[in-house]
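The structure appears right after this line, and notes come after that.
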Amino acid sequence: MVDKIIGKAYVLGDNIDTDQIIPAEHLVYSTSDPEELKKYGHFALSSVPQDKAGLPQGNTPFIIGDNHLSEYSVIIGGSNFGCGSSREHAPLALQVAGVKVVIAESYARIFFRNSVDGGFLVPFDSIDKLNLVIKTGDTVEVDLTTNSITNKTTGVEYKLKPLGSVYDIVKSGGLFNYARENKLI
Amino acid sequence: MGLTITEKILAKASGKKGLIPGESIWVNVDILMTHDVCGPPTIAIWKKEFADKAKVWDKDKLVIFPDHYIFTSNVHANRNVDLLRQFAKEQNLPNYYDVGTERYKGVCHIALAEEGYNVPGTVLFGTDSHTCTSGAFGMFSTGVGNTDAAYILGTGTIWEKVPESMKFTFNGKMPEYLTAKDLILHILGDITTDGATYRAMEFDGEAISRMNMYERMTLTNMAIEAGGMNGVIAVDDVTREYLRDIGVTEYDEFTSDTDANYISSYSYDVTKMEPTVAKPHSPDNRDTVRNVERTKLTKCYIGSCTGGKITDFQFAAKILYGNKVQVPTFIVPASPSVAKQLEKETFSGRTLKEIFVNAGCIVAESSCAACLGGPSDTVGRSSDGDVVISTTNRNFPGRMGSKQSEVYLASPLTVAASAITGVITDPRKFI
Ligand code: SF4
């Protein structure tokens, strides 16, 4: 696990469900074939309604053209991020698109577990409503050792909630690594 | 301090005496269920992570139902079913229910109940968010992702956070024009889509004790729509009778202690409740049917693990009998067993299937179908500009197909009444 993540922020609203993160019709691609895997990145966040895509203005595509990599590596969400269908393809799609960390007010349980146990990305809980103060395109630095995020564009630092009991799994990079390190498997 | 039913089941599964909500525990899993969408990636992770040591922890405890994308010409979807088939053969799995054979069972959550995998007091994990459905049988059941499922597949264990419990009590006798779907949509309006996140939702009260198992499953099924970890209803005579009929006789019954701790409790008088809908685009966007009456529709849909059970079709048939539908109306039985019952059960001298066909409905083969959109050739899938009323569980943008469609969620009574008029209609007009 790295200690610091610097990247551009992509800001979303409340209740971003997994159908918006990766629409059901794209779940048919193989996750073990490297070429097909790219499709998940390509279609990441493709079902977010246009006016809510990249707040505050909206209408900001997460992926441009045929790419599977996004220019944004930090997602700032509102409450109940990742609700809906349990698909692990959701955090996977974000990871394939290059997202390293999601910061939201709260998460749906299965999305949170998937992000942590699959080692796809780090799901932090924010304390403030960060999606109202950080803008899409702002450069942010997330510090995993001090549980904080700094908006490099404005210079303001915000505290995040510590990861708590899942910190060890995040640190190991997922459930299997954690289990091997602790001789559970 | 007493314990809730959920805490008691998890204590047993983790070999602990007492538990505190919020504590992380390792539980022993009784059943792992997977399907065609999440099965192949789960198997791939399991093979990669355990490498040469990869061995299914207990073949009898793994249950696989292809049910999501099965009647399609989409090559990728068909490949997923092939992968399951191959895996079942290679591992010699006794509980694989292949599509296209006599063993095919339809939508997983209904199949789990019908095939006797829902055993009170046990712990069931599934790679599907609606796995919480099984909680209607006094057990702990919840959904997990592929990595967690792969871990269970190899070890039979998984970590879980003990949930706080919320209690929902429904007093009174259900009026004829209400179904369990109205109750759960009502709750969703009250607590919203994250009101039960990481929590257990426990249901009880007179209206619940009078409900059959299928209606109870509608309540526990949609616990996840409030973010719930699990939904649960204690075993009673209704449960015992259902289980006896399908040959399940040995199980542990747990009930919540009277001094158990609930984070919140809600109490409703069902005689004062109204037919309810969730408006686009969220299951918690509650309104009464009356308030949205005369909304013009282009499609009606009765199906899914939430609204495609035999009881849902009994409700719908009661309304559709002798009437004609004004808009395309899809009848999608959740399982082949439900489909068979449609041909056997009668209302006023006609089979339910006859009633639907005579009304002009399209009766499809049992599967998840358009409940989650799916490939473009999926039956009932919503298209641009559609306004759909559906007995399914989710109406997020694009969930049933097109992002440019609107979906109202409602009870089978309300959907049937609306099908007849072509606009959203209060079922009381037809009862
Ligand atoms: S019917 Fe719908 S909600 Fe139920 S398992 Fe299938 S896709 Fe999921």
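Letters A, B, ... are given to chains in the order of the sequence lines, protein chains preceding strands, and every chain is numbered from 1.
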With no hydrogens and no angle check, is any side-chain donor or acceptor of A/N80 less than 3.5 Å from a backbone partner on B/T193? yes

With a cut-off of 3.5 Å and sequence neighbours excluded, list every side-chain donor-acceptor pair involving residues 220-231 of chain B.
| residue | atom | partner | partner atom | Å |
| --- | --- | --- | --- | --- |
| B/T220 | OG1 | B/T133 | O | 2.8 |
| B/T220 | OG1 | B/R216 | O | 3.4 |
| B/T220 | OG1 | B/M217 | O | 3.4 |
| B/N221 | OD1 | B/T306 | OG1 | 2.7 |
| B/N221 | ND2 | B/T133 | OG1 | 3.1 |
| B/E225 | OE1 | B/H130 | NE2 | 3.0 |
| B/E225 | OE2 | B/R394 | NE | 2.5 |
| B/E225 | OE2 | B/R394 | NH2 | 3.1 |
| B/N230 | ND2 | B/T6 | OG1 | 3.2 |

Any side-chain heavy-atom pair from A/P49 and B/H281 closer than 4.5 angstrom? no

Step by step, would you call B/D148 with A/R113 a side chain to side chain contact (heavy atoms under 4.5 Å, CB included)? CA-CA 8 Å; B/D148 286 343; A/R113 282 189 74 104; 2.8 Å; yes

Write down the atom of B/H76, the atom of A/Y29, and the distance for their closest heavy-atom approach. NE2-CE2, 3.9 Å

B/T157 portion near chain A, given a 4.5 angstrom heavy-atom threshold: neither

Determine, stepwise, if the pair B/I45 / A/E88 fulfils side chain to side chain contact (heavy atoms under 4.5 Å, CB included). CA-CA 12 Å; B/I45 296 170; A/E88 190 155 320; 4.0 Å; yes

Using a 6.0 Å cut-off, check whether atom NZ of B/K48 has over 12 heavy atoms from anything other than its own residue. no

Look at atom NZ of A/K4 and say whether more than 12 heavy atoms of other residues, nucleotides or ligands are closer to it than 6.0 Å. no

If I measure from the heavy atoms of chain A, does B/Y69 come under 4.5 Å with its side chain, its backbone, both, or neither? side chain

Please determine, among B/W159, B/W26, B/F396, the option with the most heavy-atom pairs under 4.5 Å with chain A. B/W159

Given heavy-atom pairs under 4.5 angstrom as the criterion, report whether the side chain, backbone, both or neither of B/R381 touches chain A. side chain

Side chain, backbone, both or neither of B/E160 within contact of chain A (heavy atoms, under 4.5 Å): both

Need one label for A/F111: side chain, backbone, both or neither, based on atoms under 4.5 Å from any heavy atom in chain B. neither

Given heavy-atom pairs under 4.5 angstrom as the criterion, report whether the side chain, backbone, both or neither of A/F81 touches chain B. neither

Audit row: B/H68, A/L27, side chain to side chain contact (heavy atoms under 4.5 Å, CB included) steps and yes/no: CA-CA 11 Å; B/H68 277 61; A/L27 300 184; over 6 Å; no

Before you tell me yes or no, could you show the steps for B/T197 and A/F112 under side chain to side chain contact (heavy atoms under 4.5 Å, CB included), namely the whole-Å CA-CA distance, both residues' side-chain angles and the distance that decides it to 0.1 Å? CA-CA 11 Å; B/T197 298; A/F112 183 84; over 6 Å; no

Please classify the contact of A/S115 with chain B as side chain, backbone, both or neither, using a heavy-atom distance under 4.5 Å. neither

With a 4.5 angstrom heavy-atom cut-off, is it the side chain or the backbone of A/I169 that approaches chain B, or both, or neither? side chain

Side-chain contact, heavy-atom cut-off 4.5 Å: A/L175 with B/E49? no

Proximity breakdown for B/S24 and chain A, heavy-atom pairs closer than 4.5 Å: side chain

Please round to the nearest 0.5 Å and tell me the distance separating atom CZ of A/F176 and atom CH2 of B/W46. 10.5 Å

Residues 11-26 of chain A: residues contacting chain B (heavy atom under 4.5 Å, by number): A/N15, A/D17, A/D19, A/Q20, A/A24, A/E25

Between B/I158, B/V144, B/T155, which has the largest tally of heavy atom pairs under 4.5 Å with chain A? B/V144

Ranked by heavy-atom pairs below 4.5 Å to chain B, first place among A/I110, A/D117, A/N114 goes to A/D117

Chain A heavy atoms under 4.5 Å from B/A149: which part of the residue, side chain, backbone, both or neither? neither

Heavy-atom distances under 4.5 Å only: say whether B/D36 touches chain A with side chain, backbone, both or neither. neither

When only pairs under 4.5 Å are counted, which of A/N177, A/T31, A/I185, A/L92 shares the most heavy-atom pairs with chain B? A/I185

CG (A/N59) with more than 12 external heavy atoms under 6.0 Å: yes

Using non-hydrogen atoms only, which part of B/L83 is less than 4.5 Å away from chain A: side chain, backbone, both, or neither? neither

Is the number of heavy atoms from other residues, nucleotides or ligands under 6.0 Å of B/K403 NZ greater than 12? yes

Do you see a donor-acceptor pair shorter than 3.5 Å between the side chains of B/T142 and A/R109? yes

To the nearest 0.5 angstrom, please state how far the CD atom of B/E23 sits from the OG atom of A/S165. 10.5 Å

Could you tell me which of A/G118, A/A108, A/S47 has the largest number of non-hydrogen atom pairs under 4.5 Å with chain B? A/S47

How long is the span from the CG atom in B/D194 to the CD atom in A/E105, to the nearest 0.5 Å? 9.0 Å

